[in-house]
Q: 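If you scroll down you'll find the structure; I have some questions about it.
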Amino acid sequence: MGKYWLFKSEPDVFSFADLAASPGKTAPWDGVRNFQARNFLRDEVKPGDQVLFYHSRIQPPCIVGIAEVVREAYPDPTAWDPTSPYSDSRSTPEKPLWYAVDVRCTREFASPVTLPMLKSDPALEGLLVIRKGMRLSIQPVSETHFRHILKMGD
DNA sequence: GCCAACGTTGGC
DNA sequence: GCCAACGTTGGC
C-alpha cells in the first residue's frame, strides 16, 4: 500500500517547473539535512508513493502539483561533493549520513492549493504543514487528506 | 527583510 | 547529558 507525502521546496532553489523540465520529468530529491526528514526518506518513502509538491518561502506558499517516488533512498552524493551547497564531510560513500530519493513529476494542479486554503478547510484538520512552527521538509500525509487536496487542485 | 520557532552544536 | 548560543526555516 503506497503512502502519501508532502515535500517542501523553495522554488528559487528547485521548483515544480524545474522537475517538469528535468530529463524524464525525474530528478533527485537531495540536500535534505534534517534527521527526522532523513529518517522518513531513508526508511519510509518508497517507489510508488505519491508526493504533494509544496512551494515554501513564496507568497502565498502553496502546493502546486503531484510527483511520484520512482527510486528508493540511496546515499545523497551532494554530501561528499565539496562544490555543493549541501556538502557535509561527515557523510562518505562508505558511511553515508544523508539520503536522497528520485521523484517524477506526474501532474500539475489546475490551480495551486495555497496555505490559507489548507488552513481554512475543516476537512484538513491535523495536516502537518498547517501547524505553526512546522519546519519539517518531508511530511507524511494521510490518504484522506491527500485525496481531499487533490480535489482542491483540480 | 524581519523574526519566531525550531534543530543542532559544543562547552561545561 | 544539560542547556545556552547559534544557525536555519519559512510565514508574514
Side-chain angles (χ1 to χ4, degrees), chain A residues 3-22 27-45 49-69 73-142 144-146 148-154:
Chain A
K3 294 196 193 72
Y4 302 91
W5 305 94
L6 180 145
F7 286 12
K8 286 186 199 168
S9 184
E10 297 181 29
D12 291 349
V13 179
F14 188 75
S15 69
F16 192 70
D18 292 332
L19 179 60
S22 299
W29 200 272
D30 55 20
V32 171
R33 297 293 179 269
N34 167 284
F35 287 105
Q36 202 181 347
R38 189 277 313 263
N39 292 345
F40 278 133
L41 271 191
R42 186 192 55 190
D43 305 332
E44 297 194 42
V45 176
D49 287 1
Q50 302 294 307
V51 174
L52 299 168
F53 199 117
Y54 180 87
H55 280 172
S56 65
R57 245 175 182 283
I58 53 158
Q59 190 52 252
C62 54
I63 298 166
V64 289
I66 307 296
E68 181 177 351
V69 178
Y74 56 95
D76 181 351
T78 65
W80 48 78
D81 174 2
T83 68
S84 167
Y86 308 118
S87 131
D88 182 347
S89 57
R90 296 175 299 173
S91 186
T92 64
E94 294 74 30
K95 279 195 80 176
L97 181 61
W98 303 115
Y99 288 79
V101 298
D102 287 354
V103 296
R104 186 183 42 180
C105 163
T106 48
R107 186 158 100 255
E108 184 175 5
F109 279 161
S111 61
V113 178
T114 69
L115 186 61
M117 289 165 66
L118 297 171
K119 282 181 170 171
S120 61
D121 194 325
L124 296 177
E125 197 182 341
L127 184 71
L128 289 177
V129 75
I130 63 184
R131 232 187 242 176
K132 183 178 161 77
M134 169 52 69
R135 311 193 321 190
L136 193 60
S137 65
I138 306 285
Q139 302 177 4
V141 175
S142 74
T144 309
H145 286 167
F146 182 86
H148 189 77
I149 292 166
L150 225 60
K151 273 187 254 165
M152 296 168 79
D154 291 333

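Just so it is clear: chains get the letters A, B, ... in the order the sequence lines come, proteins before strands, and each one is counted from 1.
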Q: Without placing hydrogens or testing angles, list every side-chain donor-acceptor pair under 3.5 Å for residues 32-44 of chain A, not counting sequence neighbours.
A:
unit_1, atom_1, unit_2, atom_2, d
A/Arg33, NE, A/Tyr86, O, 3.0
A/Arg33, NH1, A/Asp76, OD2, 3.0
A/Arg33, NH2, A/Asp76, OD2, 3.3
A/Arg33, NH2, A/Thr78, OG1, 3.0
A/Arg33, NH2, A/Tyr86, O, 2.9
A/Asn34, OD1, A/Gln36, N, 3.0
A/Asn34, OD1, A/Ala37, N, 2.9
A/Arg38, NH1, A/Leu97, O, 2.8
A/Asn39, OD1, A/Arg42, NH2, 3.3
A/Asn39, ND2, A/Phe35, O, 3.4

Q: Would you tabulate the nitrogen or oxygen pairs shorter than 3.5 Å linking the protein to nucleotides 1-8 of chain C?
A:
unit_1, atom_1, unit_2, atom_2, d
C/dT8, O2, A/Arg135, NH1, 2.7

Q: Considering only distance and modelled atom types, tabulate donor-acceptor pairs under 3.5 Å from the side chains of residues 105-117 of chain A, sequence neighbours left out.
A:
unit_1, atom_1, unit_2, atom_2, d
A/Thr106, OG1, A/Ile66, O, 2.9
A/Arg107, NH2, A/Asp154, OD2, 2.5
A/Thr114, OG1, A/Met117, N, 3.2

Q: Separation of A/His55 atom NE2 from C/dG10 atom P, in whole Å?
A: 13 Å
Q: Can you list everything that forms a ring pair (Phe, Tyr, Trp, His ring centres under 6.0 Å) with A/Phe146? Sequence neighbours excluded, please.
A: A/Tyr4
Q: Which residues pass the ring pair (Phe, Tyr, Trp, His ring centres under 6.0 Å) test with A/Tyr99, not counting sequence neighbours?
A: none
Q: Roughly how many Å is it from CD1 in A/Ile63 to P in C/dG10, rounded to a whole number?
A: 14 Å
Q: Can you name the residues that form a ring pair (Phe, Tyr, Trp, His ring centres under 6.0 Å) with A/His148, not counting sequence neighbours?
A: none
Q: Find out whether A/Val141 and A/Trp5 are in side-chain contact, i.e. whether some heavy atom of one side chain is under 4.5 Å from a heavy atom of the other.
A: no
Q: Please name all residues satisfying side-chain contact (heavy atoms from CB on, under 4.5 Å) with A/Thr92, sequence neighbours left out, ordered by chain then number.
A: A/Glu94, A/Lys95
Q: Using a heavy-atom distance cut-off of less than 4.0 Å, which residues of residues 113-123 of chain A contact DNA chain C?
A: A/Leu115, A/Lys119
Q: Between A/Gly133 and A/Arg57, which residue's closest nucleotide on DNA chain B lies nearer the 5′ terminus?
A: A/Arg57
Q: Looking at C/dG11, I'd like to know if its phosphate oxygens (OP1 or OP2) sit under 4.0 Å from a side-chain N or O belonging to A/Lys132.
A: no
Q: Return the set of residues passing side-chain contact (heavy atoms from CB on, under 4.5 Å) with A/Arg131 (not counting sequence neighbours), or none when no residue passes.
A: A/Leu128, A/Met134
Q: Do any side-chain nitrogens or oxygens of A/Tyr54 fall under 4.0 Å of OP1 or OP2 in C/dT9?
A: no
Q: Listed in order of residue number, which residues of residues 28-41 of chain A have a non-hydrogen atom at under 4.0 Å from DNA chain B?
A: A/Asn34, A/Phe35
Q: My understanding is that only residues two or more places apart in sequence, or in another chain, count here; which of them pass side-chain contact (heavy atoms from CB on, under 4.5 Å) with A/Ile58?
A: A/Pro11, A/His55, A/Cys62
Q: Would you mind listing every salt bridge (Lys or Arg N to Asp or Glu O under 4.0 Å) that reaches into residues 115-125 of chain A, with sequence neighbours excluded?
A: none
Q: Taking only the side-chain nitrogens and oxygens of A/Arg131, find out if one of them lies under 4.0 Å from OP1 or OP2 of C/dG11.
A: no
Q: Would you kindly give the CG-to-C1' distance between A/Asp88 and B/dT9, to the nearest whole Å?
A: 13 Å
Q: Once you apply a heavy-atom cut-off of 4.0 Å, does A/Gln59 come out as touching a base, just sugar-phosphate, or nothing?
A: base
Q: Hey, does the side chain of A/Asp49 reach the backbone of A/Lys3 with a donor-acceptor pair shorter than 3.5 angstrom?
A: yes
